[in-house]
Trainee: 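Here you go, one structure.
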Amino acid sequence: MAQYARGAAAVAVIRLHNPPVNALSLTVLQALEDGLKRADADPSVKAVMICGENGKFSAGADIRGFSSPKRHGVPLGPIISLIERSEKPVVAAIEGIALGGGLEVALGCHYRIAHVKAHMGFPEVTIGLLPGAEGTQRLPRLIGVPAALDIITTGRHIPATEALKLGLVDEVVEENTVEAAIRFANKVIGQPLGPRRLSLKPVPKLPNMEAFLSEALVKVKKQAHGCLAPELCFQAVKAATEQPFADGVRKERELFNILLTSGQAQALQYAFFAEREVQKWTTPNGASWKSTSPQPIRKAAVIGLGTMGRGIVTSLVKANIPVVALEQNVEYLNMGRKAVMLLLEREAMKMEQGAQTLDFHNPARLQFTVDFDVLHDVDLVIEAVFENMALKKEIFHKLSRICKPGAFLCTNTSALNIDEIASATSRPHQVIGTHFFSPAHVMRLLEIIYGHHTSPTAIATAVQLAKALKKVGVVVGNCFGFVGNRMMFPYVQQAVFLVEEGSRPEAVDQVLEDFGFKIGPFRMSDLAGLDVGWRSRKGQGLTGASLPPGTPARQRHGHRYSPLPDLLCENSRFGQKTGKGWYQYEKAGGRTAKPDPWLHNFLAQYRDTHHIKTRFIDQEEILERCLFSLINEGFDILAEGIAAGPEHLDVIYINGYGWPKHRGGPMFYASTIGLPRILAKLQKYSEAHPDVPGLQPSAFLKKLVAMGNPPLKEWMSYQSRQSNKL
Ligand SMILES: C/C=C(\C)C(=O)SCCNC(=O)CCNC(=O)[C@H](O)C(C)(C)COP(=O)(O)OP(=O)(O)OC[C@H]1O[C@@H](n2cnc3c(N)ncnc32)[C@H](O)[C@@H]1OP(=O)(O)O
């Protein structure tokens, strides 16, 4: 609701009230409208001030309302017009946040006063919509087209200081914003309101508007990766430059309705709530976020300053957590220190532009050492050495001797068994997996893996750490590859099989990039380094010296196997770092992938050698075999209780694996395709390839189809009460 009260002297106060973020539900809007009418009708009221309860102006429309079958339009626009038409000055007092419809309310007001710590923005684009309560028409009139386009098409939040520079707010205050706004309202009583009504203002002209808009459109499309909302946001702002306000509003409404019914909005809104849902972690044995408090992390350590360790140190420093960075010898330490300092300098430059500072020259905040004993007083250690079980166990054994009793011991691994690592310590309950994604100071995902003995406190602390690092932490169970990589294995395997059968890396990548992945599986393998998987396969005895003599080239343990990635490595083609992999690059370390005739010849010879009849493979088969095998693995993961729900898999894929967010994650995508169709296609492909287990439909998928294809929210109620395999 919105509370109406009389402020000092002649100012009426309307306070938006809908915890926790004062979302503009229908009740709030009704109360806002009633408050405005009451103030208008009361001759003793000379000005109105609108603010929000609990130090937050408003996070905008109630997002859940967009998927409600009853709601299709936005009733907010007419209320904003009502505010703007008021004959009494209306002042917005912006504290905390004014987002989406919240900012649109503020734009309807004649004046805006913001607290210095407040943030504003139009994040609608991130949930597949556009500012549909006349925001696309008012903002360019207030701050000009370039700034408005940037804010509306990116959805970024801007701090109050930037808002002041742009002219979005009239004043920024450090004191009590509500009191400042009431004082301000008293001062402007009686001043003409015409110039303050944004709908009456012309959009500021640019000398080269047409050229500016064409360039801006190219940029917007390039960054959209198939997402519709940024381009429609652009179209709405463009309409403001071409049409009078009322026609622009009509265009905005038309574009808004296209987005609302596009399916992408639903997917993005699902992703918004899924990200919040996974914070409320639970484990199959009943531990949960509700009953567990995290321990404070006042000091942390990182072991290993390779690519991952460097990014993790940078993340911790950015989060203001004092860090000890440890390497095995002085030579590696110096290399690592240089690389970390470079990363931090770059980050500091970015942060200074946003008026924040980064303190990393102070040894009390960042210390480099080769001495394990220095770790005696840290609260948490993140081991980030390369994937070698023996080495990790040796390190954990040492840590369990040196670290203080309460310290948590985290391992940054992408696949190794957390329990085996924990078994090397005397405190397995404090051991937990923290799988960072590269580059670790950029990527948002942190996969948090609990082992058999991991305590709920260790989980809660790792989740809290993720939050402090501004990452999204997803808690999952322990199995080979955990959730993300386990689902990735069949996907990459299918991509390689498709190339064996007649496709080309560039054709497979193109299909998946057209689907919306930032990067296809072959480009991704080249980027990550083909030697990483090669080392892992050698460790598993799938290739290399430990392979028993006489093992068929294309079979392992009775299942189909492709030696193609191993053969590339044997030819020293490790991907970007060597300038050759599935593609060729301009030089070692180059980034521009070009199809490689050498590889095409090599594939032709390979197929001849193994008597594989080359066939044409269409886009549908490429897409379905890659995606449906990944989704199929997801159903097994859910059935085993490795993840608490499909949202977890989706959040992992969106934030760690470049899955297009506007498709809502693999499991949401499966729900939109329909499980019966996925099952039928998997059945078809597994009949054609009976030696590929990844194509054999998961029992849980079959069960859900048999239960009538229930909505995603209900899937887990059909999972038998089976805890994960540990
Ligand atoms: C046309 C379209 C119009 C007019 C619109 O206004 S569309 C909505 C535009 N606004 C947004 O997209 C804002 C979305 N919210 C956020 O970005 C963040 O929640 C926040 C910056 C406002 C606060 O972040 P934080 O402090 O980290 O808290 P949470 O994100 O965890 O949120 C707290 C709970 O509030 C729920 N929430 C937040 N915003 C909305 C909203 N607009 N509608 C409905 N519910 C909202 C959020 O889900 C959290 O609740 P739980 O999930 O924990 O139950």
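For ligands, and for the atoms within them, numbers begin at 1 and follow the listed sequence. Remember, predicted model here, so these are calculated numbers, not experimental data.
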Trainee: Please determine whether any non-hydrogen atom of F122 lies less than 4.0 Å from an atom of ligand 1.
Mentor: no
Trainee: Is the shortest N/O to N/O distance between L130 and ligand 1 below 3.5 Å?
Mentor: no
Trainee: Check this for me - ligand 1, F272, N or O atoms closer than 3.5 angstrom, yes or no?
Mentor: no
Trainee: Looking at E84 and R138, does any basic side-chain N land under 4.0 Å from a carboxylate oxygen?
Mentor: yes
Trainee: Run the side chain to side chain contact (heavy atoms under 4.5 Å, CB included) test on I652 and F482 for me, step by step, so that the C-alpha distance in whole Å, both residues' side-chain angles and the decisive distance to 0.1 Å come before the verdict.
Mentor: CA-CA 11 Å; I652 286 174; F482 317 128; over 6 Å; no
Trainee: Which atoms from ligand 1 have a heavy atom of F256 less than 4.0 Å away?
Mentor: 1 (C)
Trainee: Using heavy-atom distances only, which candidate in G100, G102, A59, G60 approaches atom 10 (N) of ligand 1 most closely?
Mentor: A59
Trainee: Check whether any heavy atom of Q279 sits under 4.0 Å from an atom of ligand 1.
Mentor: no
Trainee: State plainly whether the residues R250 and E254 are in salt-bridge range, i.e. N to O under 4.0 Å.
Mentor: no
Trainee: Tell me the nearest of V21, I97, V105 to atom 38 (C) of ligand 1, using heavy-atom distances.
Mentor: V21
Trainee: Would you mind running through ligand 1 and noting each atom that sits below 4.0 Å from a heavy atom of E104?
Mentor: 4 (C)
Trainee: Is the shortest side-chain N to carboxylate O distance from E647 to K713 below 4.0 Å?
Mentor: yes
Trainee: In ligand 1, which numbered atoms sit nearer than 4.0 Å to a non-hydrogen atom of G132?
Mentor: 1 (C)
Trainee: Determine whether the aromatic ring centres of residues Y669 and Y653 are separated by less than 6.0 angstrom.
Mentor: no
Trainee: Please report whether the ring centroid of Y657 lies less than 6.0 Å from that of F437.
Mentor: yes
Trainee: For L24, state whether at least one heavy atom is located under 4.0 Å from any atom of ligand 1.
Mentor: no
Trainee: Give a yes or no on whether the backbone of N54 and the side-chain of E95 come within a donor-acceptor separation of less than 3.5 Å.
Mentor: no
Trainee: So does I448 get a backbone contact from the side chain of H435, meaning a donor-acceptor N/O pair under 3.5 Å?
Mentor: no
Trainee: Would you call P20 a ligand 1 contact, heavy-atom distance under 4.0 Å?
Mentor: yes
Trainee: So is G101 polar-close to ligand 1, meaning N/O to N/O under 3.5 Å?
Mentor: yes
Trainee: With a cut-off of 4.0 Å, which atoms of ligand 1 are near a heavy atom of F273?
Mentor: 48 (O)
Trainee: Under the salt bridge (Lys or Arg N to Asp or Glu O under 4.0 Å) rule, what pairs show up with a residue in residues 283-300, not counting sequence neighbours?
Mentor: K299-D377
Trainee: Which atom pairs, one a donor and one an acceptor, fall under 3.5 Å between side chains of residues 313-322 and the rest of the protein, sequence neighbours left out?
Mentor:
unit_1: T314; atom_1: OG1; unit_2: R310; atom_2: O; d: 2.8
unit_1: S315; atom_1: OG; unit_2: A440; atom_2: O; d: 3.2
unit_1: K318; atom_1: NZ; unit_2: E347; atom_2: OE1; d: 2.8
unit_1: N320; atom_1: OD1; unit_2: R365; atom_2: NH2; d: 3.3

Trainee: Below the 3.5 angstrom mark, is there an N/O of R276, backbone or side chain, next to an N/O of ligand 1?
Mentor: yes
Trainee: Quick one: does K56 get a heavy atom under 4.0 Å from ligand 1?
Mentor: no
Trainee: Can you find an N/O atom of K280 closer than 3.5 Å to an N/O atom of ligand 1?
Mentor: yes
